[in-house]
Amino acid sequence: MAKNLVIVESPTKAKTIKGFLSKDFLIKSSFGHIRDLSKKNLGVDIENNFTPSYEIPADKTKIVNELKKFAKESDMVWLASDEDREGEAISWHLVEALKLKENKTKRIVFHEITKTAILDAINNPRKIDKKLVDAQQARRVLDRLVGFELSPVLWKKIKPSLSAGRVQSVAVRLIVEREKEINSFKSTSSYKIIAIFKKDSLPKQTNNNEIKAELSQRFKTKDHATDFLKKCISANFFIKNIEKKSTKKSPAPPFTTSTLQQEASRKLGFSVSKTMLIAQQLYESGKITYMRTDSVNLSNLALSMAKKEISNIYGTKYVNIRKYSTKIKGAQEAHEAIRPTYINIHNTGKDDNQKKLYALIWKRAIASQMSEALLEKTNVTIEANSIKEKFIAKGEILKFDGFLKVYMESDNTENDIQNKMLPPVAIGDKLISKEINAIEKFTQHQPRYTEASLVKKMEELGIGRPSTYAPTISTIQKRGYVVNETRESITRNYIYITLINDKIKEEIKTENIGYEKSKLFPTDIGIVVNSFLVEHFKNILDYNFTANVEKEFDEIAQGKKIWNKTISKFYKPFHKQVEDALETTERISGERLLGKDPETGEKIITRIGRFGPLVQIGENKDDKKPKFASLRKGQSIETITIEEALNLFKLPRTVGKYEENEIIAAIGRFGPYVKHKSDFYSLTKNDDPMTISEQRAIEIIEEKKEKNRKKIIKEFEENKNIKILNGKYGAYISFEKKNYKIPKDKDPKTLTLSECLKITKEISNNKKTVQHNFKKKKNN
DNA sequence: CAGTGAGCGAGCTTCCGCTTGACTT
């Protein structure tokens, strides 16, 4: 029996550490937090100094009991949870839940998983820092109070099942306000002048004898631009000045969770949750260090590995070892930056995604320890005596590539690395203009957030943590506040004026604008909830709220403040706000009057109903009932027109007849469909229920029927209720609307009816016992 | 799983942060 029990947070970490310690140490993991506030009620006793009531969640009872047993059998328990606020709380909860004795318990910390770091930690144990634990309790209780008092206000005033919280509500606010800015943005245009010059006299023909230059100013109107081009007709251009400047470019620090999510999104097109899933796989197979971190720090071991590796591949002049420090507010830095475990492995991974993400992590980590790139920038000024404006041509030569050999941050496009060479010119050289163009350019609105750029913004504001970025983004989508959509571009005309061979020609060209790939758009519900919260809970929705309370948590951790007094000071005015909001405001529906029905003259309004945004014709009075229709995807209360609203009432629509029965087209909860007899058939993206033809509808019905026929592997004459079907995960048995797995050793094609019934019975019985066990444990 | 939308009232929903399996069918 091991004399020592070490408890860490992650099982993978436990596995790694096992190799560093002797057999006297048993390493186990708590799988994160083991206790939390009660789920059923508030879980905080407001009357009694905000005393929290903690519970062990059902899915943690097993691990807690196991740890209890091991603790009992050990002489010493080493609590090795992470070195931050949450980690300290986990250790404290372990002491409480496992009933650990003080003289048998030690708290140790390490923020890199290396043998020396761990042995060092064992030699320097300490006690649990109760002040840090209190700071965590304050954080936890505050979040519970805010979330569980605000959400019910939304249920009453707007719609059931909505939610609000310190983090998610601010994330939604960012998206709503960005959309408002975009809606009120007025694009203006100006004319950019681009000239292509050639050297007047060329001693010998070279490939590169053209100079592309931009005028240092833009013109506000077409007339100004045209006037300028006219002046250029007779102008004699020459090189007025040449300026050379050496610059350096430094690599970005190694990845944190947030920067990994951003780069994987931009370079690999991964969603935030996909990045985390694949990173988790790499972590669990020992390929990379921990993927939920806000630290840019690398261990000394990693630095020396990197130094050796860079020298080996590129030579010592490419080595430049750096220690990075974080600039992020509220960073806790309990772990290393994300890096390959073994820096000498350049490529690894079980599938394409793992390989791509690993390569990205490797490059970024290696580049962070490489030399700066050296560039020479050249600015050439081109003038003509008859013109007061200047043209500037820019050139750039890479003198030494340094870290650019392996990694380029995608803010800078690939083109940036390539040399932008200028032809050899000298001051005073005469130039002829091959062509000069005036191009109408429009100002752009701010970009909409992507998942990854939202994470970046949240991190800047100190909202959320590496472990919650991905879940928060999925929460605000699940609540229907925000949608992640790709919207097609629209075309816009712009004016293009050219001056070639002394002739000015004006043409109208078109460009595609507004293509939005995987961007976050607020929904009507998101907009209404946000404006309600901002109006009544301005302080909570303030972008600095988290940063401000973090300061207080820090003071609690330093022992300058008592946690429940701090909470009490916050809670009193906050609770008053909640009561005021409940009393004073009416139910909010975001109602907007669209106009009158041309047929009946009744009012048409759009608003949020129990099931989301709708259009309503007429009012509910006397015997008359209003007519309702749900808004379609992409439509919103703010922008829907009366024509679009009236169109919604054209469904459901009879399309035609098939096999003696009517085909009806409509839009349901899961999108557009046609209905035939009592069966539903989903329409494809290209079909419109408003216009779909009888012929096309029949095609869709037949396609699905054919697919269903293929799905059936076996049916039984004796019992029509049981079938063997082919599904996404292979063959399975369908029986009385429930599905059953077929044991691996059985061939689905040869199963008999009695065998099938036996399988369903066995699985049902197993399930019952599992549920029974679960209930029993819950009662404990 | 696809026709909802008043109002009544039951009972439910909800937070953030720390961790991975369950589980398909």
Side-chain angles (χ1 to χ4, degrees), chain A residues 8-13 29-37 39-44 57 59-60 62-63 81-82 84-87 89-90 93 136 139-155 159-169 280 283-284 290 292 332 334 463-469 471-472 475 479 546 589 607-616 619-621 625-630 651-652 664 666-675 678-682 724-735 738-742 763 770:
Chain A
V8 294
E9 289 182 37
S10 145
T12 309
K13 203 171 175 179
S29 124
S30 73
F31 293 81
H33 273 294
I34 51 141
R35 296 203 307 183
D36 192 15
L37 295 176
K39 259 194 163 55
K40 280 165 275 170
N41 43 47
L42 191 62
V44 179
D59 58 335
K60 290 291 163 100
K62 198 177 153 203
I63 185 70
S81 48
D82 295 345
D84 59 16
R85 200 163 66 202
E86 297 297 327
I90 288 174
H93 279 300
Q136 192 274 347
R139 199 280 303 155
R140 182 66 192 91
V141 167
L142 177 94
D143 282 337
R144 173 55 70 89
L145 292 173
V146 170
F148 274 37
E149 294 220 357
L150 283 190
S151 301
V153 180
L154 299 181
W155 305 342
K159 203 166 92 76
S161 302
L162 294 176
S163 67
R166 174 177 59 84
V167 172
Q168 60 169 285
S169 296
Q280 176 93 27
Y283 168 66
E284 283 175 9
Y290 198 55
R292 290 187 277 262
Q332 312 225 351
I463 307 166
R465 304 275 313 129
S467 66
T468 60
Y469 295 137
T472 301
T475 298
R479 299 274 174 272
T546 291
S589 66
R607 63 178 176 89
I608 289 174
R610 275 207 294 157
F611 308 105
L614 58 80
V615 177
Q616 176 180 345
E619 277 160 305
N620 196 17
K621 57 182 174 190
K625 271 195 174 177
K627 284 196 285 181
F628 298 100
S630 290
L651 292 176
I664 290 164
I667 296 170
R669 265 208 319 148
F670 309 104
Y673 65 90
V674 287
K675 191 175 163 189
S678 55
D679 294 322
F680 294 90
Y681 305 87
S682 290
I724 303 175
L725 301 174
N726 206 0
K728 227 182 5 180
Y729 308 96
Y732 65 95
I733 298 168
S734 163
F735 178 51
K738 277 185 187 155
N739 297 329
Y740 301 87
K741 202 168 146 183
I742 297 172
I763 292 175
V770 168

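All chains are named by letter (A, B, ...) in the order of the sequence lines, taking the proteins before the strands, and each is independently numbered beginning at 1.
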request  = Give the rounded distance in Å between these two atoms: CD1 of A:I667 and C1' of B:dG3.
outcome  = 13 Å
remark   = Exactly one of A:L42, A:V146, A:V44 clears side-chain contact (heavy atoms from CB on, under 4.5 Å) with A:V141, and that residue is A:V44
note = Taking Watson-Crick and G-U wobble contacts under 3.5 angstrom, with | marking pairs to another strand and [ ] crossing pairs, the secondary structure of DNA chain B is written .........................
request  = Can you see which heavy atom on A:I90 is nearest to which on A:H33, and at what distance?
outcome  = CG1-ND1, 3.3 Å
request  = Check whether any side-chain heavy atom of A:R140 lies under 4.5 Å from a side-chain heavy atom of A:D36, and answer yes or no.
outcome  = yes
ask   = With sugar-phosphate meaning primed atoms plus P, OP1 and OP2, does A:S29 contact a base, only sugar-phosphate, or nothing at under 4.0 Å between heavy atoms?
value = nothing
key: Letter per nucleotide, 5' to 3', of nucleotides 11-21 of chain B [B base touched, S only sugar-phosphate touched, - untouched; heavy atoms, 4.0 Å]   = --BBBBBBBS-
ask   = Have A:S467 and A:R292 got a donor and an acceptor in their side chains that come within less than 3.5 Å?
value = no
request  = Kindly give the heavy-atom pair with the smallest separation between A:K13 and A:Y283, and that separation in Å.
outcome  = N-OH, 3.6 Å
remark   = Between A:I667 and A:Y673, the two heavy atoms sitting closest are C-CE2, 3.7 Å
query = Nearest-Å distance, CD (A:Q616) to P (B:dT4)?
reply = 13 Å
key: 4.5 Å side-chain heavy-atom contact, A:R139 and A:R166   = yes
inquiry  = Quick check: do A:V167 and A:T468 have side-chain heavy atoms less than 4.5 Å from each other?
reply    = no
